[in-house]
Visitor: 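First, the structure itself, so that you have it in front of you.
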Amino acid sequence: MTEVRVRFPPSPTGYLHIGGARTAICNWLFAKKHGGKLVLRIEDTDTERSTEESIEGIINGLKWLGLDWDEGPYFQSAYAAEHLAAAHRLLSEGAAYKCFCTVEELEARRQEAARTKSDYRYNGACRDLNPEELAARETTGLTFVIRFRVPRGEGFVAFKDRVYGGIEQAYRDIEDFVIVRSSNLPLYLLSNVVDDIRDRITHVIRGQDGLSNTPRQILLYRALGAPLPVFAHMPLTLDHKKAKISKRNHGEIVTVQYYQERGFIPWALVNFLVLLGWSPGDDREIFSREELIAAFSLEGMTRANAIFNHRKGDPKFFTDPKAIKINAHYLRTIPVAKLAELVKPALQKVGIWDEAYEKDRRAWFQRTLELIRERFHTLSDFASLGRAWFADDFSMDETALHKHLGKYPQLKEWLPELAERFAALPQITPDEAERISREFAEAHGVKPGIPINAARMVITGQSKGPNMFEIFAHIGQDKVVKRLRAAGQ
RNA sequence: GUCCCCAUCGUCUAGCCAGGUCCAGGACACCGGCCUUUCACGCCGGCAGCACCGGUUCGAAUCCGGUUGGGGACGCCA
């Protein structure tokens with residue numbers, strides 16, 4: 001059996017679209033699963049959009065997701081001559097022909113067709129020019145495009161898509177499409193096929209929007225005498241209004257970079273994305289890298305388009321709730337050492353990273369992460385909600401503060417008093433903290449929750465969090481004492 | 001308009017190919033409960049779906065036809 005070779009061919013837009021990421025993930029998984037190769041090919045034929053930065057945006061997105069490739073990046077623009085050569089070969093073999101119709105003529109016909117609501121297709125005006133006519137036009141220096149000569153007659157192109165099954169399209173429904181522009185530049189349909197042939201791609205796994213291009217591409221493969229790859233189209237991801245998700249209409253939410261900035265764990269995003277339009281056939285939803293590779297198959301692909309469940313402006317869910325849920329799951333289950341690596345950039349970003357967290361404070365840091373990760377959803381939460389653990393300047397939720405301290409104005413005196421009890425300890429342990437807290441509450445005739453939650457507020461800035469006795473013992477005696485004392489003001 | 005494709009809870013989906021074991025299973029979200037000094041996690045429970053019509057069959061979410069709805073493609077864009 002020949003080696004499996006798949007490719008991911010993004011056009012350089014400056015960012016990696018989550019739909020593109022999904023395509024990349026599936027190709028990557030397929031390659032890994034079959035011990036094959038993944039080729040990265042930048043389709044930069046549209047030179048205006050292809051800048052150094054726009055290419056880097058794609059590459060960085062892939063790298064961040066942890067997707068690696070075996071060959072490339074190749075650049076489509078580097079092969080323009082090859083694409084052209086293929087076109088000229090088709091021309092000389094009669095599989096393609098020169099068309100001298102002008103864009104104006106074509107456009108007029110197209111509009112006429114639209115007006116009469118009738119079907120438009122190139123009328124084949126130049127398809128059968130005789131040698132004299134052809135020579136006459138060539139000598140006048142008229143510009144021309146090269147069109148592919150689609151077979152006429154009753155036949156049809158049929159192929160078996162690995163996801164959608166048997167697909168067929170009648171020749172009569174395929175027009176003689178242009179493969180080379182009048183500026184002598186090759187067009188996507190041709191370039192793509194020529195590149196795939198050269199790169200020996202065995203499986204074309206792409207979005208369903210490529211499905212209707214497939215019959216024309218198959219015609220090209222045939223004319224070029226190349227073996228057909230296996231085609232597998234995957235459903236698209238749409239928004240709530242069933243429209244394709246795009247940066248233009250949905251903003252940053254569709255870019256991989258957005259999730260990076262918002263504190264997603266790369267693999268969590270991969271895990272979420274792969275579930276959009278694919279399922280292992282059983283109830284599993286969380287996969288390690290190895291598990292996913294083992295479980296992945298084209299057969300598990302859904303045929304219906306998936307909807308990216310994002311409600312614009314939702315304060316609780318800034319993206320699809322399931323994506324957040326999966327991220328939170330990884331947040332609290334990955335090895336803490338790994339988590340530490342991921343949290344580091346989040347803390348650095350807001351300037352509260354301490355080098356000691358990787359040296360003598362390493363154990364403390366990791367224990368802290370263990371303590372607080374349970375209720376966080378993103379890596380960014382460590383820097384925001386968890387800020388009090390790593391810095392002394394943290395803000396307090398005013399309404400929560402009022403709720404916990406307002407009912408008992410005496411807490412202003414009580415908390416500094418509690419501070420002294422903790423200060424008197426040689427070292428705070430959870431048990432000691434609990435004993436002191438309960439005794440203290442009893443001494444003042446209130447329920448333990450009153451001073452405990454008030455202390456939580458002033459020590460962590462949050463009304464919610466881990467077991468308070470653990471916090472007393474772990475956050476540091478100096479911080480406990482200082483913050484409780486400061487509650488006096 | 002033409003061609004291609006699709007259709008199970010609000011969302012992601014299992015089941016469909018090989019019809020009965022499905023008065024449809026899981027997850028997210030939502031609602032209730034337990035746990036608890038708080039919040040979360042966790043656990044327990046609940047809400048909610050086979051688009052519609054017809055056919056085949058003893059029996060259809062599953063097969064067939066149609067209707068409706070949705071998506072994609074119809075460029076000298078990729």
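Quick caveat, the model's predicted, so the values are computed rather than measured. Labels below follow one simple rule: chain letters A, B, ... track the order of the sequence lines, proteins then strands, and each chain is numbered from 1.
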Visitor: From C41(B), C76(B), C12(B), pick the nucleotide closest to the side chain of Ala306(A)?
Guide: C12(B)
Visitor: When rounded to the nearest Å, what value does the distance between P atoms of U38(B) and G45(B) take?
Guide: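 So the two P atoms sit 24 Å from each other.
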Visitor: At under 4.0 Å between heavy atoms, what does Phe317(A) touch on the DNA or RNA strands: base, sugar-phosphate, or nothing?
Guide: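 It contacts sugar-phosphate atoms only.
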Visitor: Any donor-acceptor pair under 3.5 Å linking the side chain of Arg311(A) with the backbone of Asp320(A)?
Guide: no
Visitor: Report yes if at least one side-chain N or O of Arg284(A) is closer than 4.0 Å to OP1 or OP2 of G26(B); otherwise report no.
Guide: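 No, no such contact exists.
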Visitor: Taking donor-acceptor contacts at under 3.5 Å, does the side chain of Glu285(A) reach the base of G26(B)?
Guide: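 Check passes, donor-acceptor contact within cut-off.
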Visitor: Classify the nucleic acid contact of Glu175(A) as base, sugar-phosphate or nothing, counting any heavy atom under 4.0 Å across all strands shown.
Guide: sugar-phosphate
Visitor: Send over the distance from Phe287(A) CZ to A27(B) C1', rounded to a whole Å.
Guide: 11 Å
Visitor: Once hydrogens and angles are ignored, does a donor-acceptor distance under 3.5 Å link the base of U37(B) to the side chain of Asn467(A)?
Guide: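 Indeed there is one.
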Visitor: Are the charged groups of Glu112(A) and Arg109(A) less than 4.0 angstrom apart, N to O?
Guide: no
Visitor: Taking only the P atom of each, what is the distance from U8(B) to C12(B) in whole angstrom?
Guide: 8 Å
Visitor: Counting any heavy atom closer than 4.0 Å, what does Arg456(A) reach on the DNA or RNA strands: base, sugar-phosphate only, or nothing?
Guide: base
Visitor: Aromatic ring centroids of Phe422(A) and Phe472(A) under 6.0 Å?
Guide: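 Ring centroids of Phe422(A) and Phe472(A) are less than 6.0 Å from each other.
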Visitor: Of all heavy-atom pairs between Leu62(A) and Leu40(A), which one has the smallest distance, and what is that distance?
Guide: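 Distance-wise, the nearest heavy atoms are CD1-CD1, 3.9 Å.
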Visitor: Work out how far the P atom of U21(B) is from that of C5(B), and round it to whole angstrom.
Guide: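 Between the two P atoms, the distance is 31 Å.
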Visitor: Any salt bridge between Glu370(A) and Arg332(A), counting N to O under 4.0 Å?
Guide: no
Visitor: For U62(B) and C22(B), measure between their C1' atoms and round to the nearest Å.
Guide: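 Approximately 11 Å lies between the C1' atom of U62(B) and that of C22(B).
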Visitor: Please determine if Asp176(A) and Arg127(A) form a salt bridge, counting it only when a charged side-chain N lies under 4.0 Å from a carboxylate O.
Guide: yes
Visitor: Would you confirm whether the ring centroid of Phe296(A) sits within less than 6.0 angstrom of the ring centroid of Trp278(A)?
Guide: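 Distance test on ring centres: under 6.0 Å, yes.
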Visitor: Ignoring hydrogens and angles, does a donor from either the side chain of Ser182(A) or the base of C76(B) sit under 3.5 Å from an acceptor on the other?
Guide: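 When only heavy-atom distances are counted, Ser182(A) does reach the base of C76(B) through a donor-acceptor pair under 3.5 Å.
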Visitor: Within the pair Arg181(A) and A78(B), is there a side-chain N or O less than 4.0 Å away from OP1 or OP2?
Guide: yes
Visitor: For C35(B), give the paired nucleotide (Watson-Crick: N1-N3 plus N6-O4 or O6-N4; G-U: N1-O2 and O6-N3; both under 3.5 Å), or none.
Guide: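 Partner of C35(B): none.
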Visitor: Rounding to the closest angstrom, what is the interatomic distance between C41(B) and G15(B) at atom P?
Guide: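 After rounding to an integer number of Å, I get 30 Å for this pair.
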Visitor: Reckon Gly281(A) touches a base, only the sugar-phosphate, or nothing at all at heavy-atom distances under 4.0 Å?
Guide: sugar-phosphate
Visitor: Taking any strand in view, what nucleotide pairs with C63(B) in a Watson-Crick or G-U wobble way, both distances under 3.5 Å?
Guide: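 The base-pairing partner of C63(B), which may sit in any strand shown, is G55(B).
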Visitor: Given atom CZ of Phe148(A) and atom P of C76(B), what is their separation to the nearest angstrom?
Guide: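 About 16 Å, once rounded to whole Å.
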Visitor: Ignoring hydrogens and geometry beyond distance, is the side chain of Lys322(A) in donor-acceptor contact with the base of A27(B) at under 3.5 Å?
Guide: yes
Visitor: Counting any heavy atom closer than 4.0 Å, what does Val178(A) reach on the DNA or RNA strands: base, sugar-phosphate only, or nothing?
Guide: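 Sugar-phosphate, no base atom in range.
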Visitor: Now, which nucleotide makes the Watson-Crick or G-U wobble pair with A29(B), with each of the two distances under 3.5 Å?
Guide: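 Its partner: none found.
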Visitor: Measure from CH2 on Trp278(A) to P on G26(B) and round the result to the nearest Å.
Guide: 20 Å
Visitor: Does G75(B) pair with anything, Watson-Crick or G-U wobble, both distances under 3.5 Å, and if so, with which nucleotide?
Guide: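 Result: none.
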Visitor: Rounded to whole angstrom, note down the P distance from G25(B) over to G49(B).
Guide: 12 Å
Visitor: Whole-Å distance between C41(B) P and Glu370(A) CD?
Guide: 18 Å
Visitor: Does a nitrogen or oxygen in the side chain of Arg216(A) sit under 4.0 Å from OP1 or OP2 of G75(B)?
Guide: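 For G75(B), OP1/OP2 do not have a side-chain N/O of Arg216(A) under 4.0 Å.
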Visitor: Nearest whole Å is fine: how far is A27(B) P from Ile324(A) CD1?
Guide: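 It is 19 Å, rounded to the nearest whole Å.
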Visitor: Rounded to whole Å, how long is the line connecting atom CG of Asn305(A) with atom C1' of G71(B)?
Guide: 5 Å
Visitor: What is the separation between atom NE2 on His83(A) and atom P on A78(B), rounded to the nearest whole Å?
Guide: 11 Å
Visitor: So, does the side chain of Lys325(A) form a donor-acceptor pair with the base of C28(B) at under 3.5 Å?
Guide: no
Visitor: Distance check, P atoms only: G46(B) and C63(B), in whole angstrom units.
Guide: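 31 Å, rounded to whole Å.
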Visitor: Which part of the nucleic acid does Gln169(A) contact within heavy-atom distance under 4.0 Å: base, sugar-phosphate only, or nothing?
Guide: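 Here Gln169(A) touches the backbone only, sparing every base.
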Visitor: Are Arg332(A) and G42(B) close enough that a side-chain N or O sits under 4.0 Å from OP1 or OP2?
Guide: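 Checking G42(B) against Arg332(A), a side-chain N or O does come within under 4.0 Å of OP1 or OP2.
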Visitor: Atom CG of Asn309(A) to atom P of G10(B): distance rounded to whole Å?
Guide: 12 Å
Visitor: C1' atom, A29(B) versus C47(B): distance in rounded Å?
Guide: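 Rounded to whole Å, the distance is 12 Å.
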Visitor: Ignoring hydrogens and angles, answer whether the base of C41(B) and the side-chain atoms of Arg375(A) contain a donor-acceptor pair closer than 3.5 Å.
Guide: no
Visitor: Contact class for Asn213(A) vs. all strands (heavy atom < 4.0 Å): base, sugar-phosphate, or nothing?
Guide: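 The residue Asn213(A) makes base contact.
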Visitor: Classify the nucleic acid contact of Pro448(A) as base, sugar-phosphate or nothing, counting any heavy atom under 4.0 Å across all strands shown.
Guide: nothing
Visitor: Would you mind checking if Lys244(A) and Asp209(A) are paired as a salt bridge, meaning a charged N to carboxylate O distance below 4.0 Å?
Guide: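 Looking at Lys244(A) together with Asp209(A), the answer is yes, because their closest N to O distance falls below 4.0 Å.
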